[in-house]
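Worksheet: one structure, shown below.
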Amino acid sequence: MKYTGFRYLLLAGVAFSITPAALQAQEVPAPQPSVTTSGDEEEIAEKATPVFKFDTISVTASREEKLAIETPASISIVTEEEIERRQPETVNDMLKDIPGVELTGGSRNTVMTPSIRGLGDDRVVTRIDGARHNFNVGHKGGLFIDPAILKQVEVLRGPASTIHGTGALGGVVAFETKSADDFLEDGETFGGQVTSGFGTVDNAVHGNLTAFARPLENIDFLASLSRRKTDDYEAGDGEKRPYTDDDLISGLIKTGIDIGESHRVGLTYRVYTDDHSLPATADGTSVSSIVNRESRETGIVLDYDYENPENKWFDASVKGYYNNSDIDEVRFSDGRHDERNLETLGIEAYNTSRFELDENAKLAVTLGGEYFNDDQTGRRNGAPTTQFYPDADMDIYGVYIDNTLTLFEDLEVTAGLRFDSYDLQADTQKGVNETALSPRVMVSYQVLPFLQPYASYSEAFRAPSLSEIYNSGLHFPGGGPTPNNFFVPNPDLKPETAQNWEVGFNVKHDGLFTSNDAVRAKAAYFHNSVDDFIEQNVNVSAGTTTSFNVPKAEIKGFEAEISYDSSGVFGSIGAARIRGKNTDTAAALSGIPADKAAVTIGYHISSIDLDVGGRGLFVRDQERVPSGSSEIDGYATFDVFAGWDADDYVPGLKLNFAVDNLLDKTYRRGAAVLDEPGRNVKVTASLRF
């Protein structure tokens, strides 16, 4: 399936000055003065105050809070308003329009894993409220998050190990859950919100009850409970796809205490459980080995922040966390009981000191460190398994320094360096110890009041996963002349390292056509060279499966995002074109996404607080695939949506309506083998009291 207009649509992404696009524009509260390094506090607040909701704060590119549009990096943020508008059942529903981002693994909820610029699985760092989420089991996924509790999702594209350590070859996906401050208005001490909705494609019914309070001026508290139940969904052909149902429950408790004017201590407890039946190889279509699977995750985050605008030496944060992720499966045919568990215990701390070298030179120095331990266990019928997912653990220590020099308020130079050491161990197998250095340099210059070009160089690394190194035992049985296939451990795997060049620009312009409109744009070209890229070789004739290093791989491409808003029209456009190859053989890499463009257009009917609009997602055929792999068909899908803030009629009431896959298209995402859901009519109502 070819889209002849795709190239023109991609070029249109650069022509930001003539393309409408964006999320809804409304005033939002100003961030604290410490978000910039200017000397005068009033000037700081004025400079950092977002005018529009798409002017959101980013913390993934550096440890300094900064508007995403002013950060010299490829950052996309899905806001709370956009999450509500999309009424997402899955993470893919929230991220599918972002350039360079795909959710691999298929359409089953818990099987999806994020991929950025063609690098997925353990090559993307996933954080939930700042805590690492490292669970990922081949063919089974392991991303356990309920969109109902999310405030926003931030995606940083490109290598980011200087700040985020191992795994950030592709980038970072950071989920932030809601807190009491997101609900309580000035003068309020308590309240609640009830949300309910349905979807037709899978008979989905979902509900959420959230209570929030500020019993004392310095204490806030939130408790949230969600339930979502679905049947098997229908694809575009009208046929149900078996074993795609879900029954999930999630809970969130979040509290914070402000101590004085500068100290804050917070505690977050999150729980997720999903009970459903699906194939043991959950990213496939086989129905020969069906299991009853319970996916569970518990996360605890304890954090401390110190922020005092008068103190230039200390702007500190300390975060400790614990995650317990677990998949428990019982096979219907014979009662075989498999358990896969990962416990992650970590601590991270950093501090930023600010110096005014002279009137036109300011320096911010961030010192940080991180430690985390992954402890994985695998059981079959209660006994330790030496095959897929054996008992093993990994310790990683990292320290870094990141310096940002600002000259004449227009020129910004950032230079950082990180040192990491990792240690992998498994019973009866060889231990692995390595170290890594991850430098980065970024330069940006405010050429015009609305235009900020930038250039950057960064390196990143990924320690081999415990499964890649230590998997052993039977992979799958043979038949006839085909022998049984066994995993072969490879403790000599080298870490993957990436060297990424990127050039791009940011555009921030208010009053483009009228006095109350705005345009925001980001565009970038990148070239990422990955040494010792880890791939898996399944040799059917020899009966072996093992991981090995590809000496060098190359991924390069172009991305663009533009957003526009006014009192009437709003919209967005994003596009990406990415290429990847083994530079030794010139063979295409697996997992490289097809060319993609996404368009949103809508209209604010401000007199009744109603937004209406539509989206289009256009994906080309992917013909650049490894030898022996099938080409992947392209597709185009269309959605419509409407959101009504009915507070003037019923206090606290909001209604959202949408039709996803309006034309009932039958299609598959990327290399997935399972068709996506067909037309889905969704309605969600929330009442705040």
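These numbers were taken from a predicted model, which means no experiment stands behind them. Index from 1, following the sequence. The figures here come from the full heavy-atom set of this structure, side chains too, leaving out hydrogens, waters and symmetry mates.
Counting only residues at least two apart or in different chains, ring-ring contact (aromatic ring centres under 6.0 Å, His included) contacts with residues 114-137 comprise Phe135-Phe144. Residue pairs meeting the salt bridge (charged side-chain N to carboxylate O under 4.0 Å, His left out) criterion with at least one partner in residues 160-173, sequence neighbours excluded, do not occur; the list is empty.
Remark: side-chain polar atoms of Lys596 are paired, donor with acceptor, to backbone N or O of Lys96 under 3.5 angstrom. Here the side chain of Ser161 pairs no donor or acceptor atom with the backbone of Ser438 at under 3.5 angstrom. Side-chain atoms of Asp274 never come within 3.5 Å of backbone atoms of Thr110 as a donor-acceptor pair (strictly under, hydrogens ignored). Side-chain atoms of Asn506 come within 3.5 Å of backbone N or O of Thr71 as a donor-acceptor pair. Distance alone, capped at 3.5 Å, is enough to place a donor-acceptor pair between the Asp146 side chain and the Ala148 backbone. No donor-acceptor distance shorter than 3.5 angstrom exists from the side chain of Asn324 to the backbone of Glu343, with no hydrogens or angles considered. Checked by atom type and distance alone, the side chain of Thr210 never pairs as donor or acceptor with a backbone atom of Ser224 at under 3.5 Å. No side-chain donor-acceptor contact under 3.5 Å links Asp182 to the backbone of Lys178. At distances below 3.5 Å, not a single donor-acceptor pair connects side-chain atoms of Lys682 with backbone N or O atoms of Phe641. At least one donor-acceptor pair closer than 3.5 Å links the side chain of Arg669 to the backbone N or O of Gly106.
Taking the side chain as every heavy atom from C-beta outward, Ile253 and Phe221 approach each other to under 4.5 Å. Using a 4.5 Å heavy-atom cutoff, the side chains of Tyr454 and Val443 are not in contact. Residues Asp129 and Lys254 are in side-chain contact: their nearest non-hydrogen atoms beyond the backbone lie under 4.5 Å apart. Using a 4.5 Å cut-off on side-chain heavy atoms (C-beta onward), Ile149 and Arg270 make contact. Two residues are said to be in side-chain contact when any heavy atoms from C-beta on lie closer than 4.5 Å; Pro159 and Leu169 fail this criterion. A heavy-atom distance below 4.5 Å is found between the side chains of Arg157 and Ser76. Counting heavy atoms from C-beta outward, Ser444 and Glu412 have side chains that approach closer than 4.5 Å. By the 4.5 Å heavy-atom criterion applied to side chains, Phe175 and Leu143 are counted as neighbours.
The number of heavy-atom neighbours closer than 6.0 Å to NZ of Lys319, taken from other residues, nucleotides and ligands shown, is above 12. Other residues, nucleotides and ligands place more than 12 heavy atoms under 6.0 Å from the OH atom of Tyr525.
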Inset, instruction - Report the C-alpha separation of Glu370 and Tyr400 in whole Å, then their side-chain angles, then the decisive distance to 0.1 Å, and conclude whether the side-chain hydrogen bond (donor to acceptor under 3.5 Å, both in side chains) test is met. - result: CA-CA 9 Å; Glu370 178 184 25; Tyr400 64 89; over 6 Å; no
Inset, instruction - List the steps, then state whether side-chain hydrogen bond (donor to acceptor under 3.5 Å, both in side chains) holds for Ser58 with Glu154. - result: CA-CA 7 Å; Ser58 166; Glu154 182 173 354; 2.4 Å; yes
Inset, instruction - Start with the C-alpha distance between Thr79 and Thr56, add both sets of side-chain angles, then the distance that settles side-chain contact (heavy atoms from CB on, under 4.5 Å), and finish with yes or no. - result: CA-CA 8 Å; Thr79 64; Thr56 45; 3.7 Å; yes
Inset, instruction - Take Asp595 and Val619 through the side-chain contact (heavy atoms from CB on, under 4.5 Å) test and state the conclusion after the steps. - result: CA-CA 6 Å; Asp595 297 347; Val619 180; over 6 Å; no
Inset, instruction - Would you please test Thr366 and Thr352 for side-chain hydrogen bond (donor to acceptor under 3.5 Å, both in side chains) and show each step? - result: CA-CA 4 Å; Thr366 299; Thr352 300; 2.8 Å; yes
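Here the two rings, on Tyr397 and Tyr371, have centers that are under 6.0 Å apart.
Smallest separation of non-hydrogen atoms from Tyr445 and Pro453: O-CD, 2.9 Å. Closest heavy-atom contact between Val124 and Pro114: CG2-O, 3.8 Å.
Remark: Asp181 pairs with Arg214 by the salt bridge (charged side-chain N to carboxylate O under 4.0 Å, His left out) rule, at least two apart or across chains. Considering only residues two or more places apart in sequence or on other chains, Asn528 meets the side chain to side chain donor-acceptor pair (under 3.5 Å) condition with none of them. For Arg440, the side chain to side chain donor-acceptor pair (under 3.5 Å) partners are Asp402, not counting sequence neighbours. Partners of Phe419 under the ring-ring contact (aromatic ring centres under 6.0 Å, His included) rule, at least two apart in sequence or in another chain, do not exist in this structure.
Atom CZ in Arg108 sits 12.0 Å away from atom OG in Ser295 (nearest 0.5 Å). Once rounded to the nearest 0.5 Å, the distance linking CD1 of Ile128 with CG of Asn323 reads 6.5 Å. To the nearest 0.5 Å, the span separating CG on Asp374 from OG1 on Thr344 amounts to 4.0 Å. Here Ser458 contributes atom OG and Ile163 contributes atom CD1; the two are 11.0 Å apart, rounded to the nearest 0.5 Å. Summarising the geometry, atom CG belonging to Asp122 is positioned 8.0 Å from atom CG belonging to Asn134; distances are rounded to the nearest 0.5 Å.
Cation-pi check for Arg117 over Phe526 is met; the charged atom lies under 6.0 angstrom from the ring centroid and within 45 degrees of its normal.
Between Arg264 and Asp220, at least one side-chain nitrogen of the basic residue sits less than 4.0 Å from a carboxylate oxygen of the acidic one, meeting the salt-bridge criterion. Using a 4.0 Å cut-off between charged side-chain N and carboxylate O, Arg520 and Asp510 make a salt bridge. A salt bridge links Arg86 to Asp97: at least one charged side-chain nitrogen sits closer than 4.0 Å to a carboxylate oxygen. Between Arg354 and Asp315, at least one side-chain nitrogen of the basic residue sits less than 4.0 Å from a carboxylate oxygen of the acidic one, meeting the salt-bridge criterion.
Applying side chain to side chain contact (heavy atoms under 4.5 Å, CB included) to Ile98 and the options Val153, Val78, Ile116 leaves one that passes, Val78.
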